[in-house]
Amino acid sequence: MTDTLKIASWNINSVRFRIGIVEQFLKNEAPDILCLQETKTVDETFPADAFRQLGYVHQVLNGQRMHHGVAIVSRVPIAEDDRLDWQANGEARHVGVRLGNGLRLENVYVPAGGDIPDRDLNPKFGQKLDFVERMTRWSEGLDVPTLLVGDFNIAPLECDVWSHKQLLDVVSHTPIEVEALGRLQAAHGWIDLGRRFVPPPMRLYTWWSYRAKDWAASDRGRRLDHMWASPAVAEAAVAHRVYEDSRGWLKPSDHIPLLTEFRL
DNA sequence: ATGTCGGCCCCCGGCCGA
């Protein structure tokens with residue numbers, strides 16, 4: 001008997017403000033597990049009941065006041081929850097769990113990194129690079145099948161952005177970030193599921209700025225969100241897609257959900 | 001350079017971070 005498992009990841013930009021579209025997404029797609037980033041709430045005011053009513057009774061939260069915050073909600077049991085601080089400053093940017101089948105699921109919100117791509121002029125950029133470096137050290141020591149998902153805030157490939165040339169100096173697509181992300185990927189042999197299923201040079205974006213007059217018409221997107229799998233886990237992935245519809249919904253997040261289906 | 005969001009509060013307009 002084969003068992004399918006559908007896992008979603010979404011930077012929601014305030015889970016309380018957008019709980020309505022989260023419910024809509026869960027009703028439409030019925031993933032087994034949803035990983036959220038930028039929940040922007042402490043755990044006490046996380047909309048736990050709304051998720052419970054849709055069957056997502058297993059909830060592992062790592063929230064904080066005002067900014068950041070991550071969560072995993074699930075219809076299947078999750079255990080051994082873990083919260084790592086890859087920035088060493090107390091911000092809530094990671095939560096990990098283990099599934100019943102042994103798979104580890106790690107949900108991360110990498111710092112955006114500010115506007116200036118220079119760690120001397122902009123400490124936030126340095127913190128972002130240091131965060132990715134700590135993830136790299138962590139990846140080197142990984143010895144369990146793992147799925148790493150979330151908002152990495154880096155679009156590595158030329159076809160991951162609307163204009164490679166115009167974004168070379170824009171934080172999220174600078175060579176220094178792309179190289180750091182490359183070292184992270186190599187540290188565990190991570191398989192980029194997005195590009196396994198939508199290979200270059202195909203267009204694949206997960207984020208469109210709120211500042212565009214018409215996000216769909218200008219289509220100035222970036223692929224900032226990712227799902228990376230250990231090699232053995234990637235073998236079990238049978239489908240992957242992004243849910244672009246939700247960017248056009250009322251009061252949307254600027255990010256869209258990613259979905260991967262596994263046959264285990 | 002701009003644009004638009006959500007959340008916050010010496011409470012509702014002006015910031016911060018994205």
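As a basis for the values below, the full set of heavy atoms in this structure was taken, side chains included, without hydrogen atoms, waters or symmetry mates. Naming convention: chains lettered A, B, ... in sequence-line order (proteins, then strands); numbering from 1 in each chain. Remember, predicted model here, so these are calculated numbers, not experimental data.
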Nearest-angstrom distance, [atom1] atom, [N] to [M]:
| N | M | atom1 | result |
| --- | --- | --- | --- |
| B:dG3 | B:dA18 | C1' | 13 Å |
| B:dG7 | B:dA1 | P | 30 Å |
| B:dC10 | B:dC5 | C1' | 25 Å |
| B:dT2 | B:dC16 | P | 16 Å |

Looking only at side-chain atoms of [X], point me to the closest of [options].
| X | options | value |
| --- | --- | --- |
| A:Lys40 | B:dC8, B:dG6, B:dA18 | B:dG6 |
| A:Glu38 | B:dT4, B:dA18, B:dG17 | B:dA18 |
| A:Ser14 | B:dG7, B:dA18, B:dC5 | B:dG7 |

Please report the distance, rounded to the nearest Å, between [atom1] in [X] and [atom2] in [N].
| X | N | atom1 | atom2 | result |
| --- | --- | --- | --- | --- |
| A:Phe17 | B:dG7 | CZ | P | 6 Å |
| A:Asp254 | B:dG7 | CG | C1' | 14 Å |
| A:Trp249 | B:dC5 | CH2 | P | 18 Å |
| A:Phe125 | B:dG17 | CZ | P | 18 Å |
| A:Asp225 | B:dA18 | CG | P | 15 Å |
| A:Trp207 | B:dG3 | CH2 | C1' | 11 Å |
| A:Arg16 | B:dC5 | CZ | C1' | 16 Å |
| A:Lys128 | B:dG17 | NZ | C1' | 13 Å |

Side chain to side chain contact (heavy atoms under 4.5 Å, CB included) test vs A:Ile72 passes for just one of A:Asp81, A:Leu105, A:Leu34, namely A:Leu105

In terms of relative ring orientation, are A:Phe51 and A:Phe46 parallel, tilted or perpendicular, with 30° and 60° separating the classes? parallel

Hey, can you tell me if A:Trp138 and A:Trp190 have their rings parallel, tilted or perpendicular (30° and 60° cut-offs)? parallel

Under the rule syn = chi within 90° of 0, otherwise anti, which is B:dC10? anti

When you check the phosphate oxygens OP1 and OP2 of [N], does a side-chain N or O of [X] lie under 4.0 Å from one of them?
| X | N | value |
| --- | --- | --- |
| A:Lys251 | B:dC5 | no |
| A:Lys213 | B:dT4 | no |
| A:Arg18 | B:dG6 | yes |
| A:Arg65 | B:dG6 | no |

Residue pair A:Glu91/A:Pro252 against DNA chain B: nearer the 5' end by closest nucleotide is A:Pro252

Pick the nucleotide of DNA chain B nearest each of A:Val15 and A:His68; which residue has the one closer to the 5' end? A:Val15

Taking any heavy-atom pair under 4.0 Å as a contact, classify A:His255: base, sugar-phosphate, or nothing. nothing

Give a yes or no on whether the backbone of A:Trp162 and the side-chain of A:Asp219 come within a donor-acceptor separation of less than 3.5 Å. no

For residues A:Arg222 and A:Ser172, is any side-chain donor paired with an opposing acceptor at under 3.5 Å? yes

Is there a donor on the side chain of A:Arg211 or the base of B:dA18 sitting less than 3.5 Å from an acceptor on the other? yes

If you measure from CE on A:Met202 to SG on A:Cys159, what distance do you get to the nearest 0.5 Å? 9.5 Å

